[in-house]
*Asks:* 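Below is one structure. I have some questions about it.
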Amino acid sequence: MFPRFRAVPAALCVLLAASPADAAGPVVGSQVKGLHIAARDALPPPRDPQALEEGHFCRMQVIAPKTAAGRAVAARGWYVTSEVQAAGYTSVGAFSRGGQGTSGTCFIADGNIFVFRGQILAAIVYGDAPEDEYTGGLIGGVTDTALPGRLRITDRTPPDFARADLRLAADTIEVVPVAERETFCGHLVVPNLRGKEIPEVRKILARGGWHPAPPEDPEDAGYDAATGYRAEGMPEFETCSGTGYGFCAVNYAHAGGAQLHVTTVGDEPPTVSAYDVQCASR
């Protein structure tokens, strides 16, 4: 077991210091255990921020913000990991402390999502403190989804586990469970595959018209774990990393020409950590 950083529940502390939200602001709520949201209109500074020395794995998570909201968060002393504009809001993922683990992992200790409406902070999403020094936080950043007004909260570790969705509307901001399905390319409905093992994933995708897409030249795909999976009757495995989390690239194709690129983690058996759809070219 490799050590992780013991988190300080900084978000809980800064929320107490923040100003109350305007009564006309959106209604907020969370349906996900361990994740909380509070309406706020004042951007708090981080508590006891960590200086990330050169070469620290968490430096790889930090971006130069491009939005006004992201720049405001960075100017307050937070490290910005992500920023997404959707449904009239700008959601900024940020942290101030983190520890290092295997394979370039940054375990973000006190991740938050700062949700702005225009240039005014509307809400802050924060998580419970990790249970112990071997447990990372639930929030690392936020990404877009194929669903209107819905973003995904992930922990930003290399597997980038999806922890919840952020549902945005004109009068509400909610933390909700990850969507059960998403529609890609206008008509392809893909169920949530995260956390499912490949044998189950193959059956789910087959019902939706997806079939394994073997690498064009498996002899050039590398003599790694993927070679063994292909020999076991799973030709969709393209290649696998030999160390760390044991990532594998797995590919499926749809009769209409779309491609589904899956990333798995582990090997008993491989489990889906992320995926994306490439629509058919016209």
*Asks:* Closest approach of V28 and A123, non-hydrogen atoms and distance?
*Replies:*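 Minimum heavy-atom contact is CG1-CB, 4.0 Å.
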*Asks:* What about F57 and F247, same hydrophobic cluster or not, with Ile/Leu/Val/Met/Phe/Trp/Tyr joined at side-chain heavy-atom distances under 4.5 Å?
*Replies:*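 Per the 4.5 Å side-chain linkage, F57 and F247 are not co-clustered.
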*Asks:* Let me see the working for R97 and D48 under side-chain contact (heavy atoms from CB on, under 4.5 Å), right down to the final yes or no.
*Replies:* CA-CA 8 Å; R97 303 189 65 83; D48 191 24; 3.7 Å; yes
*Asks:* Roughly how far, to the nearest 0.5 Å, is the CZ atom of F184 from the CD atom of Q278?
*Replies:*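 If we round to the nearest 0.5 Å, Q278:CD and F184:CZ are 12.5 Å apart.
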*Asks:* Quick one: are Y89 and I173 in side-chain contact, heavy atoms under 4.5 Å?
*Replies:*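 Yes, their side chains come closer than 4.5 Å.
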*Asks:* Among I37, T90, V142, L168, find the one that has a side chain to side chain contact (heavy atoms under 4.5 Å, CB included) with V115.
*Replies:*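 Of the listed options, the one satisfying the test is L168.
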*Asks:* What's the shortest heavy-atom distance between A280 and G256, and which atoms?
*Replies:*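 Closest pair (atom of A280, atom of G256, distance): CB-O, 3.4 Å.
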*Asks:* Does NZ or CZ of R194 come closer than 6.0 Å to the centre of the six-membered ring of F161, within 45° of the ring's axis?
*Replies:*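 Not satisfied by the 6.0 Å and 45° rule.
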*Asks:* Does S241 offer a backbone N or O that forms a donor-acceptor pair with the side chain of D224 under 3.5 Å?
*Replies:*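 Between the backbone of S241 and the side chain of D224 there is no qualifying donor-acceptor contact (under 3.5 Å).
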*Asks:* Sub-3.5 Å donor-acceptor pair from the side chain of Q100 to the main-chain atoms of T105, do we have one?
*Replies:*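 No; judged by distance alone, with no hydrogens or angles, the pair does not exist.
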*Asks:* So, does R76 use its side chain to make a donor-acceptor pair with the main chain of L43 at under 3.5 Å?
*Replies:*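 Such a contact is found between R76 side chain and L43 backbone.
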*Asks:* For the residue pair P212 and V250, establish whether any side-chain heavy-atom pair is separated by less than 4.5 Å.
*Replies:*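 Counting from C-beta outward, P212 and V250 never come under 4.5 Å.
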*Asks:* Please evaluate residues W78 and V92 with respect to the criterion side-chain contact (heavy atoms from CB on, under 4.5 Å), reporting the C-alpha separation (whole Å), side-chain torsions for both, the decisive distance (0.1 Å), and the verdict.
*Replies:* CA-CA 10 Å; W78 297 91; V92 181; over 6 Å; no
*Asks:* If I take atom SG from residue C58 and atom CZ from residue F95, how far apart are they, to the nearest 0.5 angstrom?
*Replies:*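 The distance works out to 5.0 Å.
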*Asks:* Side chains of E238 and N251 only: does a donor on one sit below 3.5 Å from an acceptor on the other?
*Replies:*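 Their side chains do contain a donor-acceptor pair, which is all the 3.5 Å distance test asks for.
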*Asks:* Decide whether V178 and V175 are clustered together by the hydrophobic rule: side chain heavy atoms of Ile, Leu, Val, Met, Phe, Trp, Tyr closer than 4.5 Å, transitively.
*Replies:*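 Hydrophobic grouping puts V178 apart from V175.
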*Asks:* Would you call H211 and H254 a side-chain contact if the rule is heavy atoms closer than 4.5 Å?
*Replies:*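 Answer no - side chains too far apart.
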*Asks:* Which heavy atom in C106 sits nearest to a heavy atom in T157, and how many Å separate them?
*Replies:*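 Result for this residue pair: O-CG2, 4.1 Å.
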*Asks:* Can you confirm whether F107 sits close enough to D155 that some side-chain heavy atom of one is under 4.5 Å from a side-chain heavy atom of the other?
*Replies:*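 With C-beta onward as the side chain, the pair stays apart.
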*Asks:* Do you know which two heavy atoms are closest between P65 and G70, and how far apart they sit?
*Replies:*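 Shortest heavy-atom separation between P65 and G70 comes out as CB-C, 3.4 Å.
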*Asks:* Is the shortest heavy-atom distance from the side chain of S273 to the side chain of Y245 under 4.5 Å?
*Replies:*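 Side-chain contact under 4.5 Å: no.
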*Asks:* Mark yes or no for whether S30, through its side chain, and L35, through its backbone, hold a donor-acceptor pair below 3.5 Å.
*Replies:*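 Judged by distance alone, yes, a pair lies under 3.5 Å.
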*Asks:* Just wondering, do L188 and T183 contact through their side chains at under 4.5 Å, heavy atoms?
*Replies:*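 The answer is no; the side chains never approach within 4.5 Å.
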*Asks:* Tell me, do I108 and Y79 make a side-chain contact under 4.5 Å, heavy atoms counted?
*Replies:*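 No, side chains not in contact.
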*Asks:* Identify whether the distance between the nearest side-chain nitrogen and carboxylate oxygen of R230 and E236 falls below 4.0 Å.
*Replies:*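 Between E236 and R230 there is no salt bridge, as every charged N stays at least 4.0 Å from the carboxylate O atoms.
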*Asks:* Determine, using the 4.5 Å side-chain heavy-atom cutoff (strictly less than), whether V272 and V277 are members of one ILVMFWY cluster.
*Replies:*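 Both belong to a single hydrophobic cluster.
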*Asks:* Would you name the heavy atoms of L121 and A42 that are closest together and state the gap between them?
*Replies:*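 The pair with the smallest heavy-atom distance is CD2-O, 3.3 Å.
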*Asks:* For R59, is the CZ atom crowded, meaning more than 12 foreign heavy atoms sit under 6.0 Å from it?
*Replies:*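 Result for CZ/R59: enclosed.
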*Asks:* Can D144 and L151 be said to form a side-chain contact (heavy atoms from CB on, under 4.5 Å), step by step?
*Replies:* CA-CA 5 Å; D144 206 353; L151 308 181; 3.7 Å; yes
*Asks:* Can you confirm whether more than 12 heavy atoms, excluding those of E180, are under 6.0 Å from its CD atom?
*Replies:*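 No.
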*Asks:* Is there a path of hydrophobic side-chain contacts, each under 4.5 Å between heavy atoms, that joins M234 and Y275?
*Replies:*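 Yes.
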*Asks:* Is any NZ, NE, NH1 or NH2 atom of the basic residue among R152 and E182 found under 4.0 Å from an Asp or Glu carboxylate oxygen of the other?
*Replies:*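 Result for this pair is yes, salt bridge flagged.
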*Asks:* How far does OH of Y252 sit from CH2 of W210, to the nearest 0.5 angstrom?
*Replies:*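 That separation rounds to 11.0 Å.
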*Asks:* Any side-chain donor paired with an acceptor under 3.5 Å for H261 and D276?
*Replies:*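 Absent: no donor and acceptor within the cut-off.
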*Asks:* Keeping T81 on the side-chain end and G140 on the backbone end, is there a donor-acceptor pair under 3.5 Å?
*Replies:*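 Between the backbone of G140 and the side chain of T81 there is a qualifying donor-acceptor contact (under 3.5 Å).
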*Asks:* Test L205 against L193 for side-chain contact (heavy atoms from CB on, under 4.5 Å), laying out the working first.
*Replies:* CA-CA 9 Å; L205 291 177; L193 304 174; 4.0 Å; yes
*Asks:* Could K66 and E83 be called an ion pair, given the rule that one side-chain N must be under 4.0 Å from one carboxylate O?
*Replies:*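 No, no charged N to carboxylate O under 4.0 Å.
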*Asks:* Which heavy atom of G141 sits nearest to which heavy atom of S82, and what is that distance?
*Replies:*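 Shortest heavy-atom contact: CA-OG, 3.3 Å.
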*Asks:* Answer whether the closest heavy-atom distance between the side chains of I198 and P269 falls below 4.5 Å.
*Replies:*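 No - every pair of side-chain heavy atoms lies 4.5 Å or more apart.
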*Asks:* Taking atom CD1 as the centre, does I204 end up with more than 12 heavy-atom neighbours from other residues, nucleotides or ligands that are less than 6.0 angstrom away?
*Replies:*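 Enclosed: over 12 neighbouring heavy atoms sit under 6.0 Å from CD1 of I204.
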*Asks:* Going from CG on D160 to OG1 on T263, what distance comes out if it is rounded to the nearest 0.5 angstrom?
*Replies:*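 Nearest 0.5 Å value for the CG-OG1 distance: 10.0 Å.
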*Asks:* Charged N to carboxylate O below 4.0 Å: is that the case for R150 and D165?
*Replies:*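 Answer for the salt bridge query: yes.
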*Asks:* Quick one: OH on Y126 to CZ on F114, what's the gap to the nearest 0.5 Å?
*Replies:*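 Here the interatomic distance stands at 12.0 Å.
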*Asks:* How many angstroms lie between atom NZ of K33 and atom CG of D128, to the nearest 0.5 angstrom?
*Replies:*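 Interatomic distance, K33 NZ to D128 CG, rounded to 0.5 Å: 8.5 Å.
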